[in-house]
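Some notes on the structure that comes next.
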Amino acid sequence: MKKIILDCDPGHDDALAMMLALASPDIDLLAVTTSAGNQTPEKTLNNAMRLLTLMQHQEIPVAGGNRTPLLKPLETAGNVHGKSGLDGAELPEPDFAVQPVPAVELMAQTLRASAEPVTLVVTGPMTNMALFLRVHPELTDKIERIVFMGGAMGLGNWTPSVEFNIYVDPEAAKIVLNAGIPLTMAPLNVTHQAQILKPEIEAIGDINNPVAHAFYGLLNFFERYHEAPKWGFKGAPLHDPCTIAWLLRPEMFHSELMNVDVETQGELVRGETVCDYYELTEKTKNTDVLLDIDRDAFIRLITDSLKTFN
Ligand code: RIB
Ligand code: CA
């Protein structure tokens, strides 16, 4: 049983990551914290609460995190995720209370209470993660690993060479990548392979439970943004669930260990993840970078997980 905290900015694909974690008997989701990214901090917090209400896991503590990136002003992605951040489905209003502490304190409480180290899964900008490392360095040894969706080895999706999560808070990403904690990175290189196709979305529409029905609506909305010919996609890339899928089924992926760092100064490339694939520097190989995925097995995991809800 893998104990995790999910720090997310729901966000359609964050919602799928949360669903995979909740559906699996091999993951113990100890807490959810939310970041500002896909939408404003209020909306991503409300979305996390609505998702846990929908999936009937109101026992999981939730706390909202930083309201802005460490240095940059907040930029959100309403063009991708809609006005609510989870457009496309009618989700229930939260029927439980948010924790009366900020994200970094819920992370600290959770790590202190755990007898064993906890895996931190980050599927949004890394602001909360960076702040936690700065506010509670004494708890670093309670972190098993940080598994994050973010970055790219090559083409970006927000500026030419920069992926959205790292773009929003490059300084936070630099702190996390240089903290000396074991890292697994799911960059666009692997998440763009993790596309769900329209017939597979339709098959989800045939699963007879309210969670699958909600995700059918969410996926149809999310897929529309990715139909633009410029992407060259056959479906919608499911970025964030690659993190949980790796925790559950690492054999589904091919990865390489290498140094990854973040450019925070470049006029054109601020937020670029610089991946030393060819070992051209002497820098520590700090990150296990996921590069390939068995897409069919990944989609089967998503679909089978949705079937487990009542
Ligand atoms: O670039 C993709 C990432 O940005 C995903 O985490 C998506 O949810 C958005 O946060
Ligand atoms: Ca996200």
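In listed order, ligands and their atoms are each counted from 1. In what follows, every heavy atom counts, from backbone to side chain, and hydrogens, waters and symmetry copies are set aside.
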When every non-hydrogen atom of G37 is compared with those of P125, the smallest separation belongs to CA-CG, 3.9 Å
message = For K174 and D261: C-alpha separation, side-chain torsions, deciding distance, then whether side chain to side chain contact (heavy atoms under 4.5 Å, CB included) applies.
response = CA-CA 6 Å; K174 195 165 190 71; D261 203 343; 2.9 Å; yes
Looking at K285 and E279, is there a salt bridge between them, counting it only when a charged N and a carboxylate O are closer than 4.0 Å? yes
To the nearest 0.5 Å, atom OG1 of T123 lies from atom CG of D240 at 4.0 Å
Flag side-chain contact, heavy atom, 4.5 Å: E93 against N46 = yes
Protein N/O/S atoms closer than 3.0 Å to the Ca ion (ligand 2), ordered by chain and number, come to D9 OD1, D14 OD1, D14 OD2, T123 O, D240 OD2
From CA spacing to verdict: side chain to side chain donor-acceptor pair (under 3.5 Å), S35, D9 = CA-CA 5 Å; S35 54; D9 62 336; 4.8 Å; no
key: Whether W231 and H192 hold their rings parallel, tilted or perpendicular, with breakpoints at 30° and 60°   = perpendicular
Does ligand 1 have any N/O pairs with the protein under 3.5 Å, and how far apart?
residue: ligand 1; atom: 1 (O); partner: N157; partner atom: ND2; Å: 2.8
residue: ligand 1; atom: 1 (O); partner: E163; partner atom: OE2; Å: 2.6
residue: ligand 1; atom: 4 (O); partner: N165; partner atom: OD1; Å: 3.2
residue: ligand 1; atom: 6 (O); partner: T123; partner atom: O; Å: 2.9
residue: ligand 1; atom: 6 (O); partner: N165; partner atom: ND2; Å: 3.0
residue: ligand 1; atom: 6 (O); partner: D240; partner atom: OD1; Å: 2.6
residue: ligand 1; atom: 6 (O); partner: D240; partner atom: OD2; Å: 3.0
residue: ligand 1; atom: 8 (O); partner: D13; partner atom: OD1; Å: 2.6
residue: ligand 1; atom: 8 (O); partner: D13; partner atom: OD2; Å: 3.1
residue: ligand 1; atom: 8 (O); partner: D14; partner atom: OD1; Å: 3.0
residue: ligand 1; atom: 8 (O); partner: N38; partner atom: ND2; Å: 3.0
residue: ligand 1; atom: 8 (O); partner: D240; partner atom: OD2; Å: 3.0
residue: ligand 1; atom: 10 (O); partner: D9; partner atom: OD1; Å: 3.4
residue: ligand 1; atom: 10 (O); partner: D9; partner atom: OD2; Å: 3.1
residue: ligand 1; atom: 10 (O); partner: N38; partner atom: OD1; Å: 3.2
residue: ligand 1; atom: 10 (O); partner: N38; partner atom: ND2; Å: 3.2
residue: ligand 1; atom: 10 (O); partner: N165; partner atom: OD1; Å: 2.8

Of L111, N128, V32, the one forming a side-chain contact (heavy atoms from CB on, under 4.5 Å) with I5 is L111
Test item: side-chain donor near acceptor, D87 and S84, under 3.5 Å: yes
